[in-house]
Amino acid sequence: MQGRLSAWLVKHGIIHRSLGFDYQGIETLQIKPEDWHSIAVILYVYGYNYLRSQCAYDVAPGGLLASVYHLTRIEDGVDQPEEVCIKVFAPRSNPKIPSVFWVWKTVDFQERESYDMLGIFYDNHPRLKRILMPESWIGWPLRKDYIAPNFYELQNAH
């Protein structure tokens, strides 16, 4: 079943894929990485003026990485704001997704955390660097194929 936003995007010739609705009835759309920045601007102009959250996850060991954006359309006098979930998938070998920092500034630390934990590079992010792990850390701790260093061996390797 196609949602309201998906129907509007189709009407205007904007390429995407409807992923249906989540358990709360929130429409979920898939956007290609190369289309994400321009579609983000369109969604902002359409009224999605609040980025509620951004997160990322590893779809499967050796598989795709996903960056997920929860957007809300906040308007005066509306009791139930319209929400949408956007998923942008990137290949593990070159996980690049355009940053939407310049559209929604609230994504700043969230994209940095996704970079730090999963190694997704957000192009044009103004401060894309580790936020939780030390700068010297090697690897991406939340990837399903990540092998944690043996801290005992590291401490005793004099």
Side-chain angles (χ1 to χ4, degrees), residues 1-133 140-146:
M1 177 178 193
Q2 188 178 54
R4 182 174 152 187
L5 180 59
S6 183
W8 186 87
L9 293 171
V10 167
K11 179 180 173 185
H12 290 87
I14 299 168
I15 298 171
H16 69 287
R17 180 176 172 220
S18 176
L19 298 176
F21 298 85
D22 71 7
Y23 71 98
Q24 293 178 312
I26 295 172
E27 186 174 10
T28 303
L29 306 176
Q30 178 182 343
I31 307 293
K32 292 180 181 177
E34 60 270 21
D35 298 335
W36 174 223
H37 189 267
S38 59
I39 291 176
V41 172
I42 290 166
L43 292 176
Y44 184 85
V45 171
Y46 182 76
Y48 288 96
N49 53 1
Y50 179 63
L51 182 128
R52 188 164 41 99
S53 69
Q54 183 276 335
C55 64
Y57 66 94
D58 190 344
V59 176
L64 296 171
L65 301 174
S67 188
V68 182
Y69 300 81
H70 295 273
L71 307 174
T72 304
R73 190 175 180 173
I74 297 181
E75 300 174 272
D76 289 337
V78 175
D79 291 337
Q80 189 67 29
E82 189 176 327
E83 297 181 44
V84 68
C85 176
I86 304 293
K87 293 188 177 188
V88 183
F89 295 96
R92 172 182 241 87
S93 60
N94 187 23
K96 287 189 175 185
I97 295 174
S99 174
V100 290
F101 174 84
W102 302 106
V103 180
W104 298 285
K105 298 279 192 284
T106 54
V107 82
D108 184 8
F109 286 1
Q110 297 169 52
E111 284 183 343
R112 284 182 58 195
E113 182 178 351
S114 295
Y115 162 73
D116 194 8
M117 296 288 104
L118 290 153
I120 298 172
F121 293 88
Y122 292 93
D123 287 337
N124 295 318
H125 189 286
R127 293 176 291 279
L128 192 62
K129 62 181 184 174
R130 293 209 181 258
I131 192 168
L132 299 173
M133 305 303 287
W140 316 109
L142 290 185
R143 285 193 182 187
K144 292 181 178 177
D145 55 0
Y146 177 72

Quiz item: Any sub-3.5 Å donor-acceptor pair from Arg112's side-chain atoms to Arg130's backbone N or O?
Solution: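 Yes, because the side chain of Arg112 sits within donor-acceptor range (under 3.5 Å) of the backbone of Arg130.
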Quiz item: Going from CD on Glu113 to SG on Cys55, what distance comes out if it is rounded to the nearest 0.5 angstrom?
Solution: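 Going from CD on Glu113 over to SG on Cys55, the span is 9.0 Å.
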Quiz item: Are Tyr122 and Gln54 linked by a side-chain donor-acceptor pair shorter than 3.5 Å?
Solution: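 Yes, because at least one side-chain N or O of Tyr122 sits under 3.5 Å from a partner of the opposite role on Gln54.
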Exercise. Check the side chains of Ser18 and Glu27 for a donor-acceptor pair under 3.5 angstrom, ignoring hydrogens and angles.
Key: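 Not at all, the side chains of Glu27 and Ser18 share no donor-acceptor pair under 3.5 Å.
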Tell me if the [atom1] atom of [X] is crowded by more than 12 foreign heavy atoms within 6.0 Å.
X: Lys105; atom1: NZ; answer: yes
X: Arg17; atom1: CZ; answer: no
X: Tyr44; atom1: OH; answer: no
X: Tyr146; atom1: OH; answer: yes

Quiz prompt | Partner residues of Pro61 under the side chain to side chain contact (heavy atoms under 4.5 Å, CB included) criterion, sequence neighbours left out | solution =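 By the side chain to side chain contact (heavy atoms under 4.5 Å, CB included) rule, Pro61 matches Lys144.
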Practice problem: Please work out whether the ring planes of His125 and Phe101 are parallel, tilted or perpendicular, with thresholds of 30° and 60°. | Solution: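 The arrangement is tilted - the two ring planes meet at 30° to 60°.
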Exercise. Test Leu51 against every option in Val103, Ile86, Leu43, Thr106 by the side-chain contact (heavy atoms from CB on, under 4.5 Å) rule and name the one that passes.
Key: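 Of the listed options, the one satisfying the test is Thr106.
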Quiz item: Which heavy atom in Leu65 sits nearest to a heavy atom in Pro95, and how many Å separate them?
Solution: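 In terms of heavy atoms, the two residues are closest at CD1-CB, 3.8 Å.
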